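Let me begin by presenting the structure, written as structure tokens, before commenting on it.
The model shown is predicted, which means the values in this text are computed figures rather than measured ones. Just the heavy atoms: all of them, side chains too, but no hydrogens, waters or symmetry mates, feed the values below. We name chains A, B, ... by the order of the sequence lines, and we start the count at 1 in each one.
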Amino acid sequence: MSVRLFNTLSGQQDEVTAADGDVLRMYACGPTVYDFGHIGNFRTFLQVDILRRTLKLTGMKLRHVMNITDVDDKIIRNATAAGIPIGEYTAKYTQAFLEDLASLQIEEPEILSRATEHIPEMTALVEKLAEAGAAYKTEDGSWYFRLAAFPEYGKLSKKDLEGMTDGARVDVDEYEKDSARDFALWKATKPGETSWETPIGPGRPGWHLECSAMAMKYLGESFDLHAGGEDLMFPHHENEIAQSESVTHKPFARHWFHVRFLLVDGRKMSKSEGNFFTLRDLLLKGYRASAIRLALISVPYRHQLNFTFDGLTEATNAIDRLRTFVERLKGATLAAGTTDELQAAAAKAEAEFVAALENDLNTAEARAPIFDLVRTVNAALDTGKVLAGDRERALEVLAKFDAVFAVVADNDAAPTAAALAWAEASGRMELVAPELLARQSITDAEIEGLIAERNNARKQRNFKRSDEIRDELAAKGVMIEDSREGVKWKRK
RNA sequence: GCACCGGUGGCGAAGUGGCUAACGCGCUGGUCUGCAAAAUCAGUAUUCGCGGGUUCAAUUCCCGCCCGGUGCUCCA
């Protein structure tokens, strides 16, 4: 049992291993908390979550660090515009980010580290780089990394520095750099900007620096795996490697995991295209958190995912099939014992599920055996061939599936309720879909009452009234099933 | 321009040098039901963008072309 993953650095599939033979040490680039997270962000975090959960499934222990970038140009700009300290500004979006992770059933890393709480670690790294001759200070007090000091630059993204044009873009505040490609480690204070008094002078950290400093603080100079979105490969991760390895002369991370960008309706998501969605946007349109999760994880991480509302609907329906199955199985009256066929079917599904995940996290392939098992057991249930021991085994396999996919257990009410509360509190009710409001407009007690009335109508064979009630409930997203065991209902 | 990725049924999406090309959603029909729903069964790609080539055999390998997308700049 071992997970094989594509490694950007080696360019091939490598087995994921813990160098210390015990705990896998991994670092994943987290969000810059200047706004609410969008589904593109979450596809990456979700795929890292799949990785996390798969590794745990195979018995690995984890020490996973994720940074929160709580100081950067956009944050300073927005906080200044809002007239509040950046700490206050970022606290709000950090909180929102953590809530969104919870909504999507994304496990929190063992360690969440904020950039602004690691300034000393960062300046110390700059000092070490300066000692090694890889960093220099310019006249305005900024510090830069000297690319020429790191010949291996480009080894991750397979870029050839020679072929890159020098000086194509130079920021106004970077005119003093030795080479246009040298990148900022530490930015000198500008008037009115947040800054820290430090041994290397006043200023604030460049973006890349925090990840090197924090990764090494919590994971050591060399660790097992580093994850992030594909866009970070260059230059961010390349810069992290340069900053770290110039000091340690050890491989920074052995395995690099990059998640492909998603598209929305076939285009890159952007605010100007009008195809930009935050998690809240989707919840308020009436989609459930689990469907968003499933839609974003069902396409393997190395492939481009085209996000559509049809895809969300499909995911919703697929989840319903699984949830209905689990309920049916749990509620069935079964005799004790096991059958060879169903035990074998469960074992096969379990083995294929795990094997697919171990094969570079092939989530699309991993789903298939689970649905196969559902069909097999449903069919057996129809003909009364399932025994209690078969049920236990099937539920065990479903639980294993959900330990990674986390969509069958229904945790959808809270995220939707929270999104609605947010919309109300922030005066954004126009974002709420009418269907969602309709669904919220009926209480469980009212539903039960209508169902009781419908049952009476049915007893009297007054099907007209019975169907009216069913339609009325359907309009409010309540689905009814008349089963042998009585009437069942569920909200959409 | 340079680099990279993809083009599989109505849609999404696996996969493999040679078993009936997974799985999900949808649709059509049967069973069940007062009717539905759920479930199940059957059908839904004689075929994997197009044209060549290699091979006993290619959707799978190679070449060319067409189409779509992405990166090369802040970005998950």
Side-chain angles (χ1 to χ4, degrees), chain A residues 28-32 34-35 37-48 69 72-74 157-160 163-165 168-171 207 227-236 258-263 266-271 294-296 298-308 310-325 327-329 349 352-353 356 359 362-383 457-459 461-464 466-467 470-471 474 479-485 487-490:
Chain A
C29 287
T32 300
Y34 69 97
D35 201 350
H38 59 253
I39 53 173
N41 296 319
F42 291 118
R43 147 109 131 151
T44 297
F45 299 132
L46 241 5
Q47 292 291 350
V48 172
T69 301
D72 90 320
D73 293 346
K74 274 180 276 209
S157 55
K158 324 291 180 210
K159 284 189 192 300
D160 179 6
M164 297 174 70
T165 45
R169 278 174 56 96
V170 182
D171 287 355
W207 171 41
E230 65 167 337
D231 55 307
L232 299 183
M233 192 166 89
F234 179 86
H236 183 56
H258 288 106
V259 180
R260 201 92 202 265
F261 257 153
L262 68 62
L263 263 39
R267 308 251 106 210
K268 184 171 172 176
M269 181 172 66
S270 75
K271 286 183 176 167
L294 187 61
L296 292 175
S298 289
V299 175
Y301 78 96
R302 290 235 286 149
H303 290 280
Q304 217 160 44
L305 160 72
N306 186 20
F307 180 88
T308 62
D310 283 349
L312 238 28
T313 301
E314 184 206 308
T316 304
N317 294 341
I319 288 169
D320 276 341
R321 178 167 166 81
L322 297 174
R323 288 183 180 171
T324 303
F325 168 71
E327 279 164 35
R328 179 185 187 197
L329 192 53
E352 289 179 357
F353 169 70
N359 177 23
N362 192 335
T363 46
E365 193 182 1
R367 288 171 43 146
I370 299 305
F371 281 97
D372 281 336
L373 180 65
V374 169
R375 186 181 347 96
T376 302
V377 176
N378 261 327
L381 237 19
D382 279 353
T383 52
R458 291 182 71 216
K459 272 195 200 116
R461 303 195 62 82
N462 180 357
F463 296 121
K464 184 165 175 293
S466 160
D467 291 351
R470 186 166 64 199
D471 291 345
M479 299 304 169
I480 287 191
E481 282 179 40
D482 300 324
S483 73
R484 285 165 200 79
E485 301 85 44
V487 180
K488 294 181 197 164
W489 64 271
K490 65 183 175 196

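- Nucleic acid contact for A:Phe463: base, since at least one base atom lies under 4.0 Å from a heavy atom of the residue.
- A salt bridge does not link A:Arg323 to A:Asp320: none of the charged side-chain nitrogens sits closer than 4.0 Å to a carboxylate oxygen.
- Side-chain atoms of A:Lys464 and base atoms of B:rC35 include no donor and acceptor less than 3.5 Å apart.
- For a distance-only test at 3.5 Å, the side chain of A:Asp73 fails to qualify as a donor-acceptor partner of the base of B:rC74.
- With hydrogens and angles ignored, a donor-acceptor pair under 3.5 angstrom links the side chain of A:Arg470 to the base of B:rC35.
- Within the 4.0 angstrom heavy-atom criterion, no nucleotide atom of any strand lies near A:Arg323.
- Taking the P atom of each, B:rC56 and B:rC65 are spaced 28 Å apart, rounded to whole Å.
- A salt bridge links A:Asp382 with A:Arg328; the closest basic N to acidic carboxylate O contact falls under 4.0 Å.
- Closest to the side chain of A:Arg375, from the set B:rG24, B:rG15, B:rC74, is B:rG24.
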- Query: Under a 3.5 Å cutoff on both atom distances, Watson-Crick or G-U, what's the dot-bracket for RNA chain B ([ ] crossing, | other strand)?
  - Reply: (((((((..(((.....[....)))((((((.......))))))....(((((..]....))))))))))))....
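- Here B:rC5 is the nucleotide among B:rG15, B:rC5, B:rA76 with the atom lying nearest to any side-chain atom of A:Arg260.
- Between the base of B:rG34 and the side chain of A:Arg458 there is a donor-acceptor pair shorter than 3.5 Å.
- B:rU33 and B:rA22: their C1' atoms are spaced 32 Å apart (whole Å).
- Nearest to the side chain of A:Ala368, among B:rA39, B:rC23, B:rG15, sits B:rC23.
- A donor and an acceptor atom never sit less than 3.5 Å apart when one is taken from the side chain of A:Arg43 and the other from the base of B:rA76.
- Here the nucleotide nearest the side chain of A:Glu314, chosen from B:rG12, B:rG15, B:rG34, is B:rG12.
- Within 4.0 Å of A:Leu262, counting heavy atoms only, lies at least one base atom of the nucleic acid.
- Residue side chain A:Asn317 does not reach the base of B:rG26 through any donor-acceptor N/O pair under 3.5 Å, judged by distance alone.
- Atom CG in A:Leu305 sits about 8 Å away from atom P in B:rA13, given to the nearest Å.
- Residue contacts for A:Lys488: at a heavy-atom cut-off of 4.0 Å it reaches no nucleic acid atom on any strand shown.
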